[in-house]
Amino acid sequence: MIKKYPIFLNLQNRNLLIVGGGLACLEKLQGLENTEAIITIITRDLHPEVQAFVNGKNHIKVILRDVVAADLEDRDIIFLATNDPETNQQFRSIAKSLKTWANSVDDPRNCDFYSASLINLGAVSFAISTDGNFAGLTASLRRLFEEVLPEGDSELFEKIYAMRRELKEKLPDLAERRNVLKTIIHDLENKYFRKKSD
């Protein structure tokens, strides 16, 4: 089995195209929220929930018509979210010829990458993927992580990052800094995790 390489993309000001305006489009838009990507949606019909989502968002443009090959040019990433697998496959082939990465929703064989379910805790992010095979499972696992790691813990993570940054300034020597961190971890292990003898 070919392994996938997980990455987090900086999509700020990137030119993204979503083909299709149904609930699959809405799911992609929700995942792209706050990325500051420039998004164009081309579709014959726009679902009311998609319309409600895009209202007032200047970085999202909606074009109500059939997609044509020229629409795929000069895009950084393309999401094919129609309910017609043949259309998705056709335009994925065009994207490939343009050397542009494309994701065909619910069709892993026609994807250059897979979207992941994301949990954000401040500067810490967890991504869960089933390689496009089982979106329901990733959503369930995301909810589980959100329960185990509540959003309020993000403040704790931020404090840890701030301490680490300050420690790097006070102790520029890497070896010395590692020794300090090892001492902290050792003290925690002894205090809270060492098995008590009978």
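Side-chain N or O atoms of S104 include one that pairs as donor or acceptor with a backbone N or O of N110 at under 3.5 Å. Distance alone, capped at 3.5 Å, is enough to place a donor-acceptor pair between the D71 side chain and the V68 backbone. Side chain of D112 to main chain of A102: a donor-acceptor pair is present (N/O by atom type, distance under 3.5 Å, no hydrogens or angles). Of the possible donor and acceptor atoms, one in the side chain of D76 sits under 3.5 Å from a partner among the backbone N and O of N15.
Scanning all heavy atoms of the two residues, the minimum distance from V105 to N88 falls at O-ND2, 4.5 Å. The minimum heavy-atom distance linking A95 with I78 is given by the pair CB-CD1, 3.9 Å. The two atoms that bring L80 and R92 nearest to each other are CD1-N, 3.4 Å, heavy atoms only. Heavy atoms only, all atoms of each residue included: G20 and I41 are closest at O-CG2, 3.7 Å. Across all non-hydrogen atoms, the minimal contact from V50 to G22 is CG2-O, 3.3 Å. Closest approach of R65 to I42, counting heavy atoms only: O-CG2, 3.5 Å.
Here the two rings, on F113 and F79, have centers that are under 6.0 Å apart.
Each of R14, H59, Q12 was checked for a side-chain hydrogen bond (donor to acceptor under 3.5 Å, both in side chains) with E36, and the lone residue meeting it is Q12.
Applying the ring pair (Phe, Tyr, Trp, His ring centres under 6.0 Å) test to every pair with at least one member in residues 20-53, sequence neighbours left out, gives no pairs at all.
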